[in-house]
Amino acid sequence: MECEEHTMEYKGYKIQDHQSSGGGKLIRVYDVRDFNPVHIFECGQCFRWYREHDGSYTGVAKGKVANIFYDAYDYCSEHNDGHGSDKGGTLYIRNADMEDFKNVWYDYLDLGRNYGDIKEALMRKDDIMKKAVEFGYGIRLLRQDFWETLISFIISANNRIPMIMKVVASISESFGKKILINEKAYHTFPDVENLASASIEQLAVCRAGFRCKYIDITSKMVEEGCLKPSELYLVNTDEAREMLKQLPGVGDKVADCTLLYSGIKYDVFPTDVWVKRVMEELYFHREATLKEIQKFAANYFGELAGFAQQYLFYYARENKIGAK
DNA sequence: CCACAGGACGGCT
DNA sequence: AGCCGTCCTGTG
């Protein structure tokens, strides 16, 4: 089998591109900091990544399939140096070439952002954030496809993560494009037109329940141009949230998740039951309304609210903070 | 069989 | 504006 390797530099990262004639493609990215696949793929922001036996994750995003593995340089010692940054490691992206890395994965994995600085700023806030950041030290906010994120979080309403994953997988199998890799089939998330042309009966097969009608109407509204994703970048966060809330099935929480996880706005604080519990238990020391929590987060975390929320959510859910 | 988990929405105050 | 019943599909 012929193998070809190239080493190059891209936006400050040293990359090795490994292509074999057998069809195996691999990208190695050196010195990637603040990266832990478990934290990234299991912190509730995405629904299409599955853990393999070797600890890597396989998923479909932006029309591409990849397997992601991370090898930390100093696995056993402390994960951070007390200043919010870690020692880094090597990121392996299988089934990707240099073009895929430049066009999809660099951006999707938010590799252009210095999470060390964000973690340091949040840890300086208080001991609660220090603990939350130390716990989820390898979290990154994925910059996901807007449309997939919107529909995924409409499905997330009053629903649990394993169920959301099943419904999104089912919608992709029914309406997305098939990709064959080593004779195994993967499916992309359908684009707006494909979902808009589906009937409610076809959607019902995907087990989305009462959310089927929201998906149906939202698809048709977006197809007709009632909401143009590009316009969300041009307005402030409150206006963007109100625009999204015009779509059925989209309230404050779904709107904020969509804005945050597709990388459009970062000064949001999506407040689900877990975030509400952790805020009540650790910050308010009493019951608090959603409004109070939103106001507090906006003032206290400001531009970093979205990142703070993600560390707090992962910390709360993994440790069952505030659970009955 | 029942209790419970999880946000949006609409009707009521 | 705030409160609360209802919506669906699971699992324990």
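Proteins come first, then strands; the chains are lettered A, B, ... in the order of their sequence lines, and each starts at number 1.
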If a pair satisfies salt bridge (charged side-chain N to carboxylate O under 4.0 Å, His left out) and one of its residues is in [range], list it, with sequence neighbours excluded.
| range | value |
| --- | --- |
| residues 141-157 of chain A | Asp107(A)-Arg143(A), Asp110(A)-Arg143(A) |
| residues 163-192 of chain A | none |
| residues 225-241 of chain A | Asp238(A)-Arg241(A), Arg241(A)-Asp256(A) |

At 4.0 Å (heavy atoms only), tell me whether Lys276(A) reaches a base, stays on the sugar-phosphate, or touches nothing. nothing
Within the 4.0 Å heavy-atom criterion, would you say Pro162(A) contacts the bases, only the backbone, or no part of the nucleic acid? nothing
Residues in salt bridge (charged side-chain N to carboxylate O under 4.0 Å, His left out) with [X], at least two apart?
| X | result |
| --- | --- |
| Asp54(A) | Arg94(A) |
| Glu42(A) | none |
| Glu281(A) | none |
| Asp252(A) | Lys245(A) |

Heavy-atom closest pair (Gln45(A) atom, Arg140(A) atom, distance to 0.1 Å) is NE2-O, 2.8 Å
In numerical order, the residues of residues 147-158 of chain A whose heavy atoms come under 4.0 Å of DNA chain C are Asn158(A)
Practice item. Would you mind telling me which of dG7(B), dG6(B), dC9(B) lies closest to the side-chain atoms of Lys253(A)? Key: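 Within the option list, the nearest is dG7(B).
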Atom pair distance, as rounded to whole Å: [atom1] in [X] and [atom2] in [N]:
| X | N | atom1 | atom2 | value |
| --- | --- | --- | --- | --- |
| Phe210(A) | dA5(B) | CZ | C1' | 12 Å |
| Ile164(A) | dA5(B) | CD1 | P | 16 Å |
| Arg211(A) | dG7(B) | CZ | P | 10 Å |

For Leu290(A), the rest of its hydrophobic cluster, which grows through side-chain links under 4.5 angstrom =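 None; Leu290(A) is a cluster of one.
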Members sharing Ile179(A)'s hydrophobic cluster, built from side-chain contacts under 4.5 Å between Ile, Leu, Val, Met, Phe, Trp and Tyr, are Val60(A), Val65(A), Ile181(A), Tyr186(A)
Given 3.5 Å as the limit, does a donor-acceptor pair link the side chain of Asp100(A) with the main chain of Asp97(A), or not?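 Checking the backbone N and O of Asp97(A) against the side chain of Asp100(A), a donor-acceptor pair under 3.5 Å is found.
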Of Arg160(A) and Lys245(A), the one whose closest nucleotide on DNA chain B sits nearer the 5' end is Arg160(A)
5'-most contact on DNA chain B (nearest-nucleotide basis), Trp274(A) vs Gly249(A), goes to Trp274(A)
Heavy-atom contact window of chain A on DNA chain C, given 5' to 3' at under 4.0 Å |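 First and last nucleotides in contact are dG2(C) to dG10(C).
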Axis-to-axis angle across the helix from dC2(B)-dG12(C) to dT13(B)-dA1(C), five pairs each end, nearest 10 degrees, ~ 40°
